[in-house]
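One structure is given below, encoded as structure tokens.
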Amino acid sequence: MPFSTAVASCPFKIGHTPLTAYQVWIGNLTHELLVKEERCNEFGSVKDRVAWYILSKTIEKIGPVKSVVDASSGNYGNALACICQRMGIGATIVSSASISAHNAAQIKAAGARLVIAEPKPGETANAARMRLAGEIAAQEGSVFLDQYSNPLNPAAHQNWTAPELFADGPFDAVFMTSSSGGTSRGFADYLKANPRPTQLCLVEPESSCAFLDSPTGCTDKLKIPAFGSQRRSSFAGMKPDPGMIRMDEATTLAAFTLLHERQLSKVGLSSTGVILGALEWLSRQDKPARVACICADGDERYLDEIQSRYIPSVGQEPYESALQRLAPVIDGIKCLGPVNADAKAAAH
């Protein structure tokens, strides 16, 4: 599905998300950091694109469907549940106990069935979700969309998100996290087909192994949903190879707090990690740069659980230390607002 057709055929307010510009002072250099606000999609995340793209292309191929099932850590399941509700399609979302309270509530409110998968010994949470979703589809005759292995996942970004972003280029670098791997693979495939001097960088916590060649050492649990993955992505093997920047989760949580308190941004937790990765990359540059961050969702999905869930998961002391260290960095950022007319219209 070409980019223009994907946009034209989508009956929901997905795509044309705002691109918000920030001026960043690091040392004696001034950089431009642009945030792709995927939280402004109708159902609140970049996964809106994937859910619509996979579902619509599946229906295009096999005809109308009565019910679908798929695995999700949260955002994709939320989007798929909402889209299916609007289209009169039954939906079963298989997730993990780590799903955010916000996404769990939204999935149920959309009338979808939410099933929590319990991993078997030696099985990752992601693998458990995929296994159970496949089993339910086979037992009940639902269509298994299989977002984690479906090539339509990266195609949604290659043919939709990436062209939309690069219409406002050029960029010296573009930053994102892996999640299921579809966004990063889609951008890598787009850059391979449309070469340009832009570096693709993945920002991951130490516990993520989505794109490691030998992920056997990936044993620590992820503390932030969809910030990396504990399983090697089905979409690995990207060419050209992306850069990799590791950000610890305590630092990410501290930056989220500071950005929120200063009313600089409303992006979510993994998106904050992506912005931090971009800032680290910019700190190593010897001339002004223009970079973009794909920010998957918004802060509303995490605010209610910051104190009760996320900060305790990293420890109060590391979190407080990161707050003090990051305050002057965040104070060197100024929001300039949307960069184009389409973005300004989408923001209101």
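Because the structure is a prediction, the values reported are computed rather than measured. Note that these values count all heavy atoms, side chains included, but never hydrogens, waters or copies made by symmetry.
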Side-chain heavy atoms under 4.5 angstrom apart, residues restricted to Ile, Leu, Val, Met, Phe, Trp, Tyr: same cluster for Leu152 and Val46? no
Atom of Leu202, atom of Ser184 and distance for their closest heavy-atom approach: CD2-CB, 3.3 Å
Looking at Glu38 and Arg49, is any side-chain nitrogen of the basic one under 4.0 Å from a carboxylate oxygen of the acidic one? yes
With distance as the sole criterion, is a donor-acceptor pair present between the side chains of Tyr148 and Asn153 under 3.5 Å? no
What closest approach, in Å, do Ser72 and Ile93 show between heavy atoms, and which atom pair accounts for it? CB-CG2, 4.1 Å
Other residues, nucleotides, ligands: >12 heavy atoms within 6.0 Å of Asp331 CG: yes
Between the side chains of Arg129 and Glu123, is the shortest nitrogen-to-carboxylate-oxygen separation below 4.0 Å, so that they form an ion pair? no
Which atoms form the tightest heavy-atom contact between Leu34 and Ala21, and what is the distance? CD2-CB, 3.8 Å
Considering all heavy atoms of both residues, which atom of Ala327 and which atom of Arg262 are nearest to each other, and what is their separation? CB-NH2, 4.1 Å
Is a donor on one side and an acceptor on the other found under 3.5 Å between the side chain of Ser56 and the backbone of Trp52? yes
Asp70 (side chain) donor-acceptor with Asp146 (main chain) under 3.5 angstrom: yes
Looking at Gly268, is its backbone amide N or carbonyl O close enough to the side chain of Asp299 to form a donor-acceptor pair, meaning the two atoms are under 3.5 Å apart? no
Check: Leu145 main-chain N/O paired with Asn150 side-chain donor or acceptor under 3.5 Å: yes
Please say yes or no: joined through hydrophobic side-chain contacts below 4.5 Å, possibly via intermediate residues, are Trp25 and Leu258 part of one cluster? no
Can a side-chain donor-acceptor contact be found between Ser100 and Arg301 if the only test is distance below 3.5 angstrom? no
Hey, does the side chain of Thr257 reach the backbone of Leu253 with a donor-acceptor pair shorter than 3.5 angstrom? yes
In one Ile/Leu/Val/Met/Phe/Trp/Tyr side-chain cluster, 4.5 Å: Met244, Leu191: yes
Residues sharing Ile136's hydrophobic cluster, by side-chain heavy-atom contacts under 4.5 Å among ILVMFWY, directly or via others? Val69, Val94, Val115, Leu132, Phe144
Going by atom types only, do Glu204 and Ser178 share a side-chain donor-acceptor pair under 3.5 Å? yes
Would you call Asp48-Lys13 a salt bridge at under 4.0 Å N-O? no
How about Gln316: does its CD atom have over 12 heavy atoms from other parts shown lying under 6.0 Å from it? yes
Is it true that a side-chain atom of Asn41 and a backbone atom of Gly44 form a donor plus acceptor pair closer than 3.5 Å? no
Minimal heavy-atom distance between Ala51 and Tyr76, with the atoms involved, is CA-CE1, 3.6 Å
Side-chain heavy atoms nearer than 4.5 Å, only ILVMFWY residues, links allowed to pass through others: does that put Leu303 and Tyr319 together? yes
Could you pull out all residues at least two apart from Phe171 that satisfy ring-ring contact (aromatic ring centres under 6.0 Å, His included)? Phe166
